[in-house]
Amino acid sequence: MKLLTYKTQDTEPRLGFIHNNQVIDMQDFGDVSNFPLPNDMLELIDMGFEIIPEITEMIAETPENFFEEIAYEMNEVTILAPIEKPRKNIIGIGLNYTEHVAESARTLDTTGKLPTKPIIFSKPPTTVTATNTEIIKNTKLTSQLDWECELAVIISKKGKYVPKSEALDYVFGYTVINDISARDCRREGQWIVSKGQDTFAPMGPVIVTKDEIENPHNLNLSLKVNGVEKQNSNTKFMLFNINDLIEDLSTVFTLEPGDIIATGTPAGVGAGRDPQEWMYDGDVVEATVEGIGTIVNTIKEI
């Protein structure tokens, strides 16, 4: 199921799903199905992944004419970030692709050695923005704005000391994150100023539930700036896969429903190029993950 948060000219943000290339309002679908359903992504995730097969079965059993009055055409809605206000910081994973480790060592303050454990950082909830919005480049803080296309994992239930063999049981679904980074804002190896500025986590356009992703460790991911491809790789090249990350993270702290893990970026970032490349006012950046979709954002300098 492809889930999204959306609004129209007449509504506040609402929860929906895509059916036959239309947006179906989740709460309204629950009303016509006599099965109460929430109007918020986090409330749906709180119900547990088990609710997804039930909703899917109800959709299959619902006559098509029942959808007509609760459906919107895609061009009638504004797609928002699927989780507009995460309850906690986004969990970021650094240096999780071999070639990105090498390119970072050439130009940033990293050693070039492959990490023996996941490198963990975080991005505040205020970094979240949607597709078709502006990424704010504060020129008082940075002149080196960079891109990082990543697969993001959405956690479905509380987990502590989760063994890697059971890790995917704790996944609700997947989305796309562009881990925007101000390379000249790193402070003695600390990354949150570089990664945590407002709008530095474009996310979406949808959450695809895990039942629709056959293998999250074999998804193509790519990124373009002004139509020119900068990144093109596959999640199979992660150093620490999703199972590894959930096991490690749940040892450090308790994972909870709605937690978001950005799993790292492959090679091709601007800082690793020769000469280095950065994003400027008016640049358009597109981040794509196979099976999920593309988020498009424009740089706005202030």
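Values below: all heavy atoms of this structure, side chains included; hydrogens, waters and symmetry mates excluded. Bear in mind that the values here come from a model prediction, so they are computed numbers and not experimental data. For reference, positions follow the sequence shown, starting with 1.
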Please report the interatomic distance [atom1]([X]) to [atom2]([Y]), rounded to the nearest 0.5 Å.
{"X": "Glu69", "Y": "Asp31", "atom1": "CD", "atom2": "CG", "answer": "12.5 Å"}
{"X": "Ile24", "Y": "Ile59", "atom1": "CD1", "atom2": "CD1", "answer": "8.5 Å"}
{"X": "Cys185", "Y": "Gln144", "atom1": "SG", "atom2": "CD", "answer": "8.5 Å"}
{"X": "His217", "Y": "Thr263", "atom1": "NE2", "atom2": "OG1", "answer": "8.0 Å"}
{"X": "Leu168", "Y": "Phe49", "atom1": "CG", "atom2": "CZ", "answer": "11.0 Å"}
{"X": "Asp198", "Y": "Thr126", "atom1": "CG", "atom2": "OG1", "answer": "4.5 Å"}

With a 4.5 Å limit on heavy-atom distance, are the side chains of [X] and [Y] in contact?
{"X": "Met47", "Y": "Pro38", "answer": "yes"}
{"X": "Ile295", "Y": "Ile177", "answer": "no"}
{"X": "Thr288", "Y": "Cys149", "answer": "no"}
{"X": "Ile299", "Y": "Glu134", "answer": "no"}
{"X": "Ile292", "Y": "Leu151", "answer": "yes"}
{"X": "Ile135", "Y": "Thr298", "answer": "no"}
{"X": "Lys195", "Y": "Phe200", "answer": "no"}

Could [X] and [Y] be called an ion pair, given the rule that one side-chain N must be under 4.0 Å from one carboxylate O?
{"X": "Lys2", "Y": "Glu212", "value": "no"}
{"X": "Asp46", "Y": "Arg87", "value": "yes"}
{"X": "Glu301", "Y": "Lys137", "value": "yes"}
{"X": "Arg14", "Y": "Asp28", "value": "yes"}
{"X": "Glu148", "Y": "Arg183", "value": "yes"}
{"X": "Lys123", "Y": "Asp179", "value": "yes"}

What I want to check is whether the side chains of [X] and [Y] have a donor and an acceptor closer together than 3.5 Å.
{"X": "Ser222", "Y": "Asn232", "answer": "no"}
{"X": "Asn218", "Y": "Asn234", "answer": "yes"}
{"X": "Gln197", "Y": "Thr127", "answer": "no"}
{"X": "Asp25", "Y": "Tyr72", "answer": "no"}
{"X": "Asp211", "Y": "Thr209", "answer": "yes"}

Can you give me the closest heavy-atom contact between [X] and [Y], atom names plus distance?
{"X": "Val289", "Y": "Glu150", "answer": "CG2-O, 4.0 Å"}
{"X": "Ile213", "Y": "Gly291", "answer": "CD1-O, 4.1 Å"}
{"X": "Lys160", "Y": "Thr251", "answer": "NZ-O, 3.2 Å"}
{"X": "Thr294", "Y": "Thr131", "answer": "O-OG1, 4.1 Å"}
{"X": "Ile207", "Y": "Pro82", "answer": "CG1-CB, 3.6 Å"}
{"X": "Thr235", "Y": "Leu221", "answer": "N-CD2, 3.7 Å"}

Can you confirm whether [X] is buried at [atom1], in the sense that more than 12 heavy atoms of other residues, nucleotides or ligands lie under 6.0 Å from that atom?
{"X": "Glu64", "atom1": "CD", "value": "yes"}
{"X": "Lys230", "atom1": "NZ", "value": "yes"}
{"X": "Asn21", "atom1": "CG", "value": "no"}
{"X": "Lys7", "atom1": "NZ", "value": "no"}

Centre-to-centre under 6.0 Å for Phe66 and Phe29, is that the case here?
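No; Phe29 has its ring centre 6.0 Å or more from that of Phe66.
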Would Tyr6 and Thr78 count as a side-chain contact (heavy atoms from CB on, under 4.5 Å) if you check the C-alpha gap in whole Å, the side-chain angles of each, and the deciding distance to 0.1 Å?
CA-CA 6 Å; Tyr6 76 96; Thr78 298; over 6 Å; no
As a test of understanding, state which of Ile45, Leu44, Ile155, Leu42 forms a side-chain contact (heavy atoms from CB on, under 4.5 Å) with Pro257.
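The side-chain contact (heavy atoms from CB on, under 4.5 Å) with Pro257 is passed solely by Ile45 among Ile45, Leu44, Ile155, Leu42.
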Would you mind listing the cluster partners of Val284? Hydrophobic ones only (ILVMFWY), side-chain contacts under 4.5 Å, chaining allowed.
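Hydrophobic cluster check, Val284: joined to Val296.
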